[in-house]
Amino acid sequence: MTNPAFDFRQATVLVTGGSNGIGEGIARAFADAGASVHITGRAATVNDYDKDLSAFTYHALDVSDNAAIARLAEAIPALDILINNAGASLPGGRSEYEPDVFEEAIRINLTSAYRLAHAFLPQLSASTITGGASIIGLASMSSLFGIELVPGYGSAKTGLVGMTKVLAVAWARHGIRVNAIAAGLIESNMTAAMMDIEEMTAPMLARTPLQRFGVPGDIAGPVLFLCSPAAAYITGQTLPVDGGFSVQG
(Lines give C-alpha, C1' and ligand atoms only; values in the text may rest on other atoms or scores of the structure.)
Protein backbone atom coordinates (compact mmCIF):
# COMPACT_ATOMS: atom_id res chain seq x y z
CA MET A 1 0.00 0.00 0.00
CA THR A 2 1.95 2.99 -1.29
CA ASN A 3 -0.53 5.72 -0.44
CA PRO A 4 -2.47 4.85 2.71
CA ALA A 5 -5.72 6.74 3.23
CA PHE A 6 -7.69 7.30 6.42
CA ASP A 7 -11.40 7.96 6.78
CA PHE A 8 -12.33 10.16 9.74
CA ARG A 9 -15.61 11.49 8.34
CA GLN A 10 -17.44 10.46 11.52
CA ALA A 11 -14.88 11.95 13.90
CA THR A 12 -14.67 15.20 15.84
CA VAL A 13 -11.07 16.10 16.65
CA LEU A 14 -9.42 18.72 18.87
CA VAL A 15 -5.80 19.67 18.20
CA THR A 16 -4.33 22.04 20.77
CA GLY A 17 -1.75 24.38 19.30
CA GLY A 18 -3.22 23.58 15.90
CA SER A 19 -2.59 27.00 14.39
CA ASN A 20 1.09 26.41 13.60
CA GLY A 21 3.80 23.83 13.08
CA ILE A 22 3.22 20.19 14.00
CA GLY A 23 -0.26 20.94 15.32
CA GLU A 24 -1.33 22.57 12.08
CA GLY A 25 0.06 19.65 10.10
CA ILE A 26 -1.94 17.21 12.21
CA ALA A 27 -5.10 19.31 11.99
CA ARG A 28 -4.87 19.58 8.21
CA ALA A 29 -4.32 15.83 7.87
CA PHE A 30 -7.45 15.11 9.91
CA ALA A 31 -9.44 17.66 7.91
CA ASP A 32 -8.24 16.09 4.66
CA ALA A 33 -9.45 12.75 6.02
CA GLY A 34 -12.93 14.20 6.52
CA ALA A 35 -12.91 14.97 10.24
CA SER A 36 -14.56 17.93 11.92
CA VAL A 37 -11.52 19.62 13.41
CA HIS A 38 -11.26 22.10 16.28
CA ILE A 39 -7.93 23.83 16.90
CA THR A 40 -6.62 26.13 19.61
CA GLY A 41 -4.08 28.94 19.47
CA ARG A 42 -2.83 31.83 21.54
CA ALA A 43 -4.23 34.58 19.29
CA ALA A 44 -7.55 36.14 20.24
CA THR A 45 -9.23 35.34 16.92
CA VAL A 46 -8.51 33.25 13.84
CA ASN A 47 -8.23 36.49 11.84
CA ASP A 48 -5.04 37.32 13.72
CA TYR A 49 -3.16 34.68 11.71
CA ASP A 50 -1.69 35.43 8.29
CA LYS A 51 -2.87 32.10 6.91
CA ASP A 52 -6.11 30.39 5.96
CA LEU A 53 -7.40 28.37 8.91
CA SER A 54 -10.99 28.30 7.67
CA ALA A 55 -10.99 24.49 7.52
CA PHE A 56 -11.12 24.43 11.32
CA THR A 57 -13.19 25.71 14.20
CA TYR A 58 -10.86 28.02 16.12
CA HIS A 59 -10.71 28.54 19.90
CA ALA A 60 -8.37 30.93 21.68
CA LEU A 61 -6.68 29.07 24.53
CA ASP A 62 -3.85 29.61 26.98
CA VAL A 63 -3.23 26.01 28.10
CA SER A 64 -1.87 27.21 31.45
CA ASP A 65 -5.29 28.77 32.26
CA ASN A 66 -7.33 26.12 34.05
CA ALA A 67 -10.58 28.04 33.77
CA ALA A 68 -10.06 28.45 30.02
CA ILE A 69 -9.66 24.69 29.64
CA ALA A 70 -12.95 24.16 31.48
CA ARG A 71 -14.68 26.67 29.19
CA LEU A 72 -13.29 24.93 26.12
CA ALA A 73 -14.72 21.60 27.28
CA GLU A 74 -18.12 23.26 27.64
CA ALA A 75 -17.83 24.70 24.11
CA ILE A 76 -17.18 21.31 22.46
CA PRO A 77 -20.00 18.96 23.52
CA ALA A 78 -18.83 15.93 21.53
CA LEU A 79 -15.29 14.72 20.93
CA ASP A 80 -13.71 11.52 19.59
CA ILE A 81 -10.01 12.41 19.41
CA LEU A 82 -7.89 14.74 21.57
CA ILE A 83 -4.42 15.70 20.35
CA ASN A 84 -2.43 17.29 23.18
CA ASN A 85 0.06 19.11 20.98
CA ALA A 86 0.36 22.60 22.53
CA GLY A 87 3.56 23.24 24.40
CA ALA A 88 6.58 25.48 24.75
CA SER A 89 10.20 25.31 25.80
CA LEU A 90 12.07 28.15 27.50
CA PRO A 91 8.81 30.06 28.10
CA GLY A 92 9.38 33.76 27.60
CA GLY A 93 12.96 33.03 26.62
CA ARG A 94 13.84 32.49 30.28
CA SER A 95 16.04 29.81 31.84
CA GLU A 96 14.16 26.68 32.96
CA TYR A 97 16.74 26.29 35.73
CA GLU A 98 14.91 29.10 37.54
CA PRO A 99 12.37 27.31 39.78
CA ASP A 100 9.41 29.46 38.73
CA VAL A 101 10.19 28.95 35.04
CA PHE A 102 10.70 25.21 35.58
CA GLU A 103 7.29 25.04 37.21
CA GLU A 104 5.74 27.03 34.36
CA ALA A 105 7.23 24.63 31.81
CA ILE A 106 5.70 21.69 33.68
CA ARG A 107 2.31 23.42 33.75
CA ILE A 108 2.40 24.23 30.02
CA ASN A 109 3.70 20.88 28.79
CA LEU A 110 2.35 18.29 31.25
CA THR A 111 -0.29 19.56 33.65
CA SER A 112 -2.32 21.14 30.85
CA ALA A 113 -2.34 17.85 28.93
CA TYR A 114 -3.82 16.07 31.93
CA ARG A 115 -6.35 18.82 32.57
CA LEU A 116 -7.49 18.71 28.94
CA ALA A 117 -7.80 14.93 29.02
CA HIS A 118 -9.75 15.09 32.28
CA ALA A 119 -11.98 17.91 31.07
CA PHE A 120 -12.94 15.98 27.93
CA LEU A 121 -13.30 12.59 29.62
CA PRO A 122 -17.14 12.66 29.45
CA GLN A 123 -17.12 13.46 25.72
CA LEU A 124 -14.45 10.87 24.91
CA SER A 125 -16.22 8.24 27.00
CA ALA A 126 -19.39 8.82 25.00
CA SER A 127 -17.62 8.38 21.65
CA THR A 128 -18.78 5.55 19.40
CA ILE A 129 -16.00 5.92 16.84
CA THR A 130 -14.73 2.64 15.39
CA GLY A 131 -11.54 1.59 17.18
CA GLY A 132 -12.34 3.68 20.23
CA ALA A 133 -11.74 7.27 21.23
CA SER A 134 -8.12 8.39 21.33
CA ILE A 135 -5.87 10.76 23.21
CA ILE A 136 -2.48 11.45 21.64
CA GLY A 137 0.25 13.31 23.50
CA LEU A 138 3.16 14.99 21.73
CA ALA A 139 6.29 13.86 23.51
CA SER A 140 9.84 14.52 22.35
CA MET A 141 13.39 13.25 22.23
CA SER A 142 13.70 14.98 25.60
CA SER A 143 11.37 12.24 26.88
CA LEU A 144 14.14 9.75 26.12
CA PHE A 145 17.37 11.71 26.66
CA GLY A 146 18.62 14.33 29.09
CA ILE A 147 18.75 17.58 27.09
CA GLU A 148 20.63 20.05 29.28
CA LEU A 149 19.13 23.25 27.88
CA VAL A 150 15.50 22.50 28.82
CA PRO A 151 15.18 20.78 32.21
CA GLY A 152 11.55 21.77 32.71
CA TYR A 153 10.41 20.92 29.19
CA GLY A 154 12.32 17.64 29.27
CA SER A 155 10.90 16.67 32.65
CA ALA A 156 7.39 17.47 31.45
CA LYS A 157 7.79 15.44 28.25
CA THR A 158 9.20 12.53 30.26
CA GLY A 159 6.18 12.81 32.56
CA LEU A 160 3.89 12.76 29.52
CA VAL A 161 5.18 9.29 28.64
CA GLY A 162 4.35 8.06 32.14
CA MET A 163 0.94 9.72 32.07
CA THR A 164 0.22 8.02 28.74
CA LYS A 165 0.76 4.62 30.33
CA VAL A 166 -1.34 5.36 33.40
CA LEU A 167 -4.30 6.81 31.52
CA ALA A 168 -4.18 3.95 29.02
CA VAL A 169 -4.70 1.53 31.90
CA ALA A 170 -7.22 3.65 33.80
CA TRP A 171 -9.38 4.73 30.88
CA ALA A 172 -9.47 1.55 28.79
CA ARG A 173 -12.72 0.79 30.63
CA HIS A 174 -14.15 3.94 29.06
CA GLY A 175 -13.20 2.81 25.54
CA ILE A 176 -10.38 5.37 25.31
CA ARG A 177 -6.96 4.54 23.93
CA VAL A 178 -4.04 6.74 25.00
CA ASN A 179 -0.77 6.91 23.07
CA ALA A 180 2.06 9.38 22.43
CA ILE A 181 4.47 10.39 19.69
CA ALA A 182 8.08 11.15 20.64
CA ALA A 183 8.94 13.61 17.90
CA GLY A 184 12.46 14.15 16.68
CA LEU A 185 13.64 17.51 15.39
CA ILE A 186 10.81 18.79 13.18
CA GLU A 187 11.07 21.88 10.98
CA SER A 188 8.50 24.30 12.39
CA ASN A 189 8.11 27.78 13.82
CA MET A 190 9.21 26.42 17.21
CA THR A 191 12.55 25.15 15.85
CA ALA A 192 13.16 27.80 13.17
CA ALA A 193 15.60 29.77 15.33
CA MET A 194 18.00 26.84 15.69
CA MET A 195 17.86 25.57 12.11
CA ASP A 196 20.45 28.11 10.93
CA ILE A 197 22.87 27.31 13.77
CA GLU A 198 25.06 24.61 12.27
CA GLU A 199 26.82 23.87 15.57
CA MET A 200 23.46 22.70 16.93
CA THR A 201 21.98 20.97 13.90
CA ALA A 202 25.05 19.26 12.41
CA PRO A 203 25.57 16.77 15.29
CA MET A 204 21.85 15.95 15.33
CA LEU A 205 21.76 15.38 11.59
CA ALA A 206 24.89 13.23 11.74
CA ARG A 207 23.18 10.98 14.31
CA THR A 208 19.97 10.66 12.24
CA PRO A 209 20.14 7.61 9.92
CA LEU A 210 17.58 9.05 7.47
CA GLN A 211 19.85 12.13 7.11
CA ARG A 212 17.15 14.77 7.25
CA PHE A 213 15.03 16.60 9.77
CA GLY A 214 11.31 15.94 9.90
CA VAL A 215 8.40 18.03 8.70
CA PRO A 216 4.94 18.25 10.29
CA GLY A 217 3.55 15.69 7.82
CA ASP A 218 5.99 13.12 9.21
CA ILE A 219 4.18 13.38 12.54
CA ALA A 220 0.65 13.67 11.14
CA GLY A 221 0.69 10.27 9.43
CA PRO A 222 1.58 8.26 12.56
CA VAL A 223 -0.96 10.27 14.60
CA LEU A 224 -3.76 9.41 12.17
CA PHE A 225 -2.71 5.76 12.23
CA LEU A 226 -2.76 5.62 16.04
CA CYS A 227 -6.26 7.13 16.07
CA SER A 228 -7.58 4.81 13.36
CA PRO A 229 -9.23 1.37 13.62
CA ALA A 230 -5.94 -0.06 12.29
CA ALA A 231 -4.46 0.70 15.74
CA ALA A 232 -7.46 -0.51 17.76
CA TYR A 233 -5.25 -2.87 19.81
CA ILE A 234 -2.56 -0.28 20.58
CA THR A 235 -2.65 1.74 23.80
CA GLY A 236 -0.19 3.06 26.37
CA GLN A 237 2.63 3.29 23.81
CA THR A 238 5.06 6.06 22.87
CA LEU A 239 6.19 5.87 19.25
CA PRO A 240 9.46 7.63 18.35
CA VAL A 241 9.14 9.43 15.01
CA ASP A 242 12.67 10.71 14.65
CA GLY A 243 14.34 9.42 11.49
CA GLY A 244 16.14 6.85 13.62
CA PHE A 245 17.84 9.37 15.94
CA SER A 246 16.95 7.41 19.09
CA VAL A 247 18.43 4.12 17.86
CA GLN A 248 21.77 5.45 16.64
CA GLY A 249 24.61 4.69 19.03
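This one's a predicted model, so the numbers in the text were calculated from it and none came from an experiment. Along the sequence shown, residues are numbered consecutively beginning with 1.
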Task: Heavy atoms of other groups near Gln211 CD, more than 12 under 6.0 Å - done: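 Atom CD in Gln211 is packed in, count exceeds 12.
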
Measure the [atom1]-[atom2] distance between [X] and [Y] for me, rounded to the nearest 0.5 Å.
X: Leu82; Y: Ile176; atom1: CG; atom2: CD1; result: 9.5 Å
X: Glu104; Y: Thr111; atom1: CD; atom2: OG1; result: 11.5 Å
X: Ser19; Y: Lys51; atom1: OG; atom2: NZ; result: 6.5 Å
X: Phe120; Y: Asp80; atom1: CZ; atom2: CG; result: 12.0 Å
X: Leu160; Y: Ile181; atom1: CG; atom2: CD1; result: 11.0 Å
X: Thr130; Y: Gln10; atom1: OG1; atom2: CD; result: 8.5 Å

- [ ] Return the orientation label for the Tyr114 and His118 ring planes: parallel under 30°, perpendicular over 60°, tilted otherwise.
- [x]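 Aromatic pair Tyr114/His118 classed tilted.
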
Please say yes or no: joined through hydrophobic side-chain contacts below 4.5 Å, possibly via intermediate residues, are [X] and [Y] part of one cluster?
X: Met163; Y: Ile83; answer: no
X: Tyr49; Y: Phe56; answer: yes
X: Val161; Y: Ile234; answer: no
X: Phe102; Y: Val150; answer: no
X: Ile106; Y: Val101; answer: no

Compare every heavy atom of [Y] with every heavy atom of [X], then report the nearest pair and how far apart it is.
X: Ala88; Y: Tyr153; answer: O-CD1, 3.4 Å
X: Ala44; Y: Ala60; answer: O-CB, 3.7 Å
X: Thr158; Y: Ser142; answer: OG1-O, 3.3 Å
X: Ala119; Y: Gln123; answer: O-OE1, 3.6 Å
X: Ile39; Y: Gly18; answer: CD1-O, 3.7 Å
X: Ala35; Y: Val13; answer: CB-CG2, 3.8 Å

Open item on the list: For Phe6 together with Phe30, are the ring centres under 6.0 Å from each other?
Closed with: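 Not close enough - the centres of the two rings lie 6.0 Å or further apart.
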
- [ ] Check Val37, Leu14, Ile129, Ile135 against Ile81 for a side-chain contact (heavy atoms from CB on, under 4.5 Å) and give me the one that passes.
- [x]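 When Val37, Leu14, Ile129, Ile135 are each tested with Ile81, the side-chain contact (heavy atoms from CB on, under 4.5 Å) holds only for Ile129.
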
Open item on the list: Please evaluate residues Leu72 and Leu116 with respect to the criterion side-chain contact (heavy atoms from CB on, under 4.5 Å), reporting the C-alpha separation (whole Å), side-chain torsions for both, the decisive distance (0.1 Å), and the verdict.
Closed with: CA-CA 9 Å; Leu72 180 65; Leu116 279 153; 4.1 Å; yes

Open item on the list: Does this structure show an ion pair linking Arg28 with Glu24, if we count only N-O contacts that are shorter than 4.0 Å?
Closed with: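 Yes, charged N to carboxylate O under 4.0 Å.
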
Task: Worked check of side-chain contact (heavy atoms from CB on, under 4.5 Å) between Thr57 and Val46 - done: CA-CA 9 Å; Thr57 301; Val46 71; over 6 Å; no

Task: Worked check of side-chain contact (heavy atoms from CB on, under 4.5 Å) between Leu226 and Ile136 - done: CA-CA 8 Å; Leu226 286 174; Ile136 303 291; 3.8 Å; yes

- [ ] State whether Phe145 and Arg207 meet the cation-pi test: NZ (Lys) or CZ (Arg) under 6.0 Å from the six-membered ring centroid, and within 45° of the perpendicular axis.
- [x]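 Positive - Arg207 is close enough to the ring of Phe145 and near enough to its axis.
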
Task: Worked verdict on Ser112 versus Arg107 for side-chain contact (heavy atoms from CB on, under 4.5 Å) - done: CA-CA 6 Å; Ser112 69; Arg107 188 167 64 252; 6.0 Å; no

